[in-house]
*Asks:* 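Mind looking over this structure? Questions follow.
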Amino acid sequence: MDTSKIYIEGRWVEPAGTARLGIVDPATEEMFAEIRLGTAEDVNWAAAAARRAFAISSETPVAERLGWLERIIAGFRSRLGDLALMMTREMGAPITFATERQATVALYHFEEAARVLAQYRFEEPMGAGIVRREPIGVCGLITPWNWPLNQVASKLAPALAAGCTVVLKPSEIAPLSAMMLAEIVDAAGVPAGVLNLVNGDGPTVGEAIAAHPEIDMVSFTGSTAAGIRVAKLAADTVKRVAQELGGKSANIILDDADLDAAVTAGVHACNTNGGQNCQSPTRMLIPRGGREAAFAAAHRAIATIRLGDPRDEATTMGPLASRAQFDKVQELIRSGLDEGATLVAGGPGRPADLNRGFYVRPTVFGDVTPAMRIAWEEIFGPVLSIMSYDGEDEAIAIANDTPFGLAGFVQSRDAARARRVAERIRAGRVYLNGAAFDRSLPFGGYKQSGNGREFGVFGFEEYLEVKAILGATG
């Protein structure tokens, strides 16, 4: 793979600009690759190619699009190990996690898109005519570094299935796994111009995609601040905007739950992927009387996390993805101490036995109050805030006291009670009692966590327009 090139109209080509950016291995802090950054001129080129290809993809029969997906799935499976290793190098995910979760869940999105496409009814009779669903057009996809392949796949798979064409900007911090995916798409025989990939930063390439008049939709995953900027730029061309933004999810442990088990599971969920997850349960709400038991369980759970070389299969937590993220998390840990939270485990600085790499000590704070910065700001690192409540209504009020609404978590021995609490949480997805991931169920947020949905049929329909044809009989 020539990392100096970008992918436009079925070819790996030189970008218009000459600026370069090194890709740093976060475990060693050493540059191991270099990309060329694209420009607005490259976005123009990619958008024009995607517009030409849309005339083909929008008319491609479902059976043929299913063939594209099946060949992508086969190619993905054959290179899954390479994709996982690339993510370990570019953003630090431990190799076991990168294989079993990062790469495998990305593959799920292509499998799910194929399942939805095979069953989907694009036309149905209604009233005095029919309602028809058609591909929206050229889609700009802007994706983050924390799940660098999963977030590409969750957008690209349904876009291809729907018959759309794509201009993709992966994160410039972790772009190489996305470039490998572009190779897989190319080898699958998807027509030239259906996928175009332009590397670059947000202010240059990302903003050019959001504002481009030839792009009909932009799907963005990232921070709320960046999402607001994307929406403002998109407004001038009245394009559809789908956003999956920040989160500050609450994990309500009710007074009838197994406190030790719930706290242990909550600690591990918060530290998954080094805490670099938008839906991490970073606010753990416990009954006030369970303070000491919860702190003890959290301390024990933290002790089982194994930090180290992400290439070691026994490692359960690697470094954070970048120096900037390391510095941000360190600042927020210090703020927790300064504002009077009780340090239950972890704390500032690197682990004692790791003197290089962007490693953060997994940290738990107790006695956190809603006014503390660690209680309301998205940290995006392995930092858990334990907050106490006096009754179910107060727990729900604390959970909803946030501008975000991406996810929520409820633990209770009474399934009906957990369900009632879940219905009162203002979030797009709520997990009850450790429920497993389901790729068919919609994912997205309320409030400042975004709009639109990903995954399954809901994610597929984000890439479709709705047309009514009156007088048609089918």
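None of the values given here were measured: they were computed from a predicted structure.
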*Asks:* Give a yes or no on whether a salt bridge exists between E112 and R115, defined as a side-chain N under 4.0 angstrom from a carboxylate O.
*Replies:*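 Answer for the salt bridge query: yes.
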*Asks:* Nearest 0.5 angstrom please: I252 CD1 to I425 CD1, how far?
*Replies:*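 Reported value, rounded in 0.5 Å steps: 4.0 Å.
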*Asks:* Can you tell me which residue among V138, T165, V238 is in a side chain to side chain contact (heavy atoms under 4.5 Å, CB included) with D216?
*Replies:*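 The side chain to side chain contact (heavy atoms under 4.5 Å, CB included) with D216 is passed solely by V138 among V138, T165, V238.
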*Asks:* State whether the side chain of D42 and the backbone N or O of V198 hold a donor-acceptor pair below 3.5 Å, judged by distance alone.
*Replies:* no
*Asks:* Would a distance-only check, ignoring hydrogens and angles, find a side-chain to backbone donor-acceptor pair under 3.5 Å from S249 to P281?
*Replies:*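 Flag not set: sc S249 to bb P281 has no pair under 3.5 Å.
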*Asks:* With a 4.5 Å cut-off on side-chain heavy atoms, are K5 and R11 touching?
*Replies:* no
*Asks:* Side chains of D414 and S412: any donor to acceptor distance under 3.5 Å?
*Replies:* no
*Asks:* Are a donor atom and an acceptor atom from the side chains of N251 and Q411 found within less than 3.5 Å of each other?
*Replies:* yes
*Asks:* Search all heavy atoms of P370 against all heavy atoms of D401 and return the closest pair with its distance.
*Replies:*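 For P370 versus D401, the nearest heavy atoms are CB-OD2, 4.3 Å.
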*Asks:* Assess the side chains of T3 and E34: does a donor N or O sit below 3.5 Å from an acceptor N or O?
*Replies:*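 No.
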*Asks:* Of R426, R419, R420, which is the lone residue that meets salt bridge (charged side-chain N to carboxylate O under 4.0 Å, His left out) with E423?
*Replies:*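 So, applying the salt bridge (charged side-chain N to carboxylate O under 4.0 Å, His left out) to E423 and each of R426, R419, R420, only R419 qualifies.
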*Asks:* Return yes if a side-chain donor-acceptor contact under 3.5 Å exists between T237 and K239, otherwise no.
*Replies:* yes
*Asks:* Please lay out, stage by stage, how Y7 and W45 fare under the test ring-ring contact (aromatic ring centres under 6.0 Å, His included).
*Replies:* CA-CA 11 Å; Y7 183 71; W45 184 9; over 10 Å; no
*Asks:* Using the ring of each side chain (for Trp, its six-membered ring), is F460 parallel, tilted or perpendicular to F122, with breaks at 30° and 60°?
*Replies:*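 Perpendicular: the ring planes of F460 and F122 meet at over 60°.
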*Asks:* How about V24 and I173: do any of their side-chain heavy atoms sit closer than 4.5 Å?
*Replies:* no
*Asks:* Do any N or O atoms from the side chain of R240 and from the backbone of M217 form a donor-acceptor pair under 3.5 angstrom?
*Replies:*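 Not confirmed, R240 side chain does not pair with M217 backbone.
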*Asks:* Taking all heavy atoms of W68 and all of T60, pick out the closest pair and write down the distance.
*Replies:*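 Closest pair (atom of W68, atom of T60, distance): CZ2-CG2, 3.8 Å.
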*Asks:* Would you call K248 and E377 a salt bridge, taking side-chain N to carboxylate O under 4.0 Å as the test?
*Replies:*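 A salt bridge is absent here (no side-chain N lies under 4.0 Å from a carboxylate O).
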*Asks:* Scan L181, I72, L168 and name whichever one has a side chain to side chain contact (heavy atoms under 4.5 Å, CB included) with L156.
*Replies:*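 Of the listed residues L181, I72, L168, the side chain to side chain contact (heavy atoms under 4.5 Å, CB included) partner of L156 is L181.
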*Asks:* In the structure I gave you, are the side-chain heavy atoms of V457 and Y120 within less than 4.5 Å of one another anywhere?
*Replies:* yes
*Asks:* Flag the pair N199 / L197 as yes when at least one side-chain heavy-atom distance between them is below 4.5 Å, and no otherwise.
*Replies:*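 Touching, per the 4.5 Å side-chain cut-off.
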*Asks:* Looking at CD of E183 and CG of L83, how far apart are the two atoms once the value is rounded to the nearest 0.5 Å?
*Replies:*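 The distance works out to 9.5 Å.
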*Asks:* Would you verify whether the NZ or CZ of R439 falls within 45 degrees of the ring axis of Y108 while also being under 6.0 Å from that six-membered ring's centre?
*Replies:* yes
*Asks:* So does A84 get a backbone contact from the side chain of T88, meaning a donor-acceptor N/O pair under 3.5 Å?
*Replies:* yes
*Asks:* For the pair R36 and E14, evaluate salt bridge (Lys or Arg N to Asp or Glu O under 4.0 Å) and give the outcome as yes or no after the intermediate values.
*Replies:* CA-CA 8 Å; R36 287 262 298 277; E14 299 282 342; 2.6 Å; yes
*Asks:* In sequence, state the C-alpha distance, the side-chain angles, and the governing distance for E90 and S177, and then conclude on side chain to side chain donor-acceptor pair (under 3.5 Å).
*Replies:* CA-CA 8 Å; E90 68 184 356; S177 55; 2.6 Å; yes
*Asks:* For the pair T104 (side chain) and R101 (backbone), establish whether a donor and an acceptor sit closer than 3.5 Å, ignoring hydrogens and angles.
*Replies:* no
*Asks:* Give a yes or no on whether a salt bridge exists between R229 and E207, defined as a side-chain N under 4.0 angstrom from a carboxylate O.
*Replies:* yes
*Asks:* Considering the options V267, N271, T282, T272, which one meets the side chain to side chain contact (heavy atoms under 4.5 Å, CB included) requirement together with P382?
*Replies:* N271
*Asks:* Distance check, rounded to the nearest 0.5 Å: R453 atom CZ versus E462 atom CD?
*Replies:*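 These two atoms lie 8.5 Å from each other.
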*Asks:* Under 4.0 Å between a side-chain nitrogen and a carboxylate oxygen: does that hold for R132 and E465?
*Replies:* no
*Asks:* Minimum heavy-atom separation for A113 and P158, please, with both atom names.
*Replies:* CB-N, 4.1 Å
*Asks:* Any side-chain to backbone donor/acceptor pair from R65 onto A161? Under 3.5 Å, distance only.
*Replies:*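 Answer holds: yes.
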*Asks:* Counting heavy atoms not belonging to F458, are there more than 12 under 6.0 Å from its CZ?
*Replies:*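 No, CZ of F458 has 12 or fewer neighbouring heavy atoms, counting only those of other groups under 6.0 Å.
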*Asks:* Please find the pair of heavy atoms, one from A174 and one from M91, that lie closest to each other, and give the distance.
*Replies:*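 So the minimum-distance heavy-atom pair works out to CB-CB, 4.3 Å.
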*Asks:* Can you name the closest pair of heavy atoms from P15 and L37 and give their distance?
*Replies:*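 Looking at all heavy atoms of both residues, the closest pair is CB-O, 4.1 Å.
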*Asks:* OH/Y446 to CG/N451 distance, rounded to the nearest 0.5 angstrom?
*Replies:* 13.5 Å
*Asks:* Which heavy-atom pair separates A114 from I73 by the least distance, and what is that distance?
*Replies:* CB-CD1, 4.4 Å
*Asks:* Hey, does the side chain of R424 reach the backbone of I396 with a donor-acceptor pair shorter than 3.5 angstrom?
*Replies:* no
*Asks:* So does F443 get a backbone contact from the side chain of E454, meaning a donor-acceptor N/O pair under 3.5 Å?
*Replies:* no
*Asks:* Between K155 and T221, is any side-chain donor less than 3.5 angstrom from a side-chain acceptor?
*Replies:* yes
*Asks:* Is the backbone N or O of D201 less than 3.5 Å from a side-chain atom of T204, with the two atoms forming a donor-acceptor pair by type?
*Replies:* no
*Asks:* Can you tell if the side chain of L149 reaches within under 4.5 Å of the side chain of F76, non-hydrogen atoms only?
*Replies:*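 Side-chain contact under 4.5 Å: yes.
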*Asks:* Does a donor on one side chain and an acceptor on the other come within less than 3.5 Å for N146 and Q325?
*Replies:* no
*Asks:* State, with a plain yes or no, whether a side-chain heavy atom of K169 is found less than 4.5 Å away from one of L141.
*Replies:* no
*Asks:* Please answer whether the main-chain N or O of A397 pairs with a side-chain N or O of N400 as donor and acceptor at a distance below 3.5 Å.
*Replies:* no
*Asks:* Step through the shown structure and confirm whether more than 12 heavy atoms of other residues, nucleotides or ligands are within 6.0 Å of CD on E41.
*Replies:*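 For E41, atom CD is not crowded (no more than 12 foreign heavy atoms under 6.0 Å).
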*Asks:* Inspect the contact between R77 and E111 and indicate whether a charged nitrogen and a carboxylate oxygen are less than 4.0 angstrom apart.
*Replies:*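 Judged by the 4.0 Å cut-off on N to carboxylate O distance, E111 and R77 do form a salt bridge.
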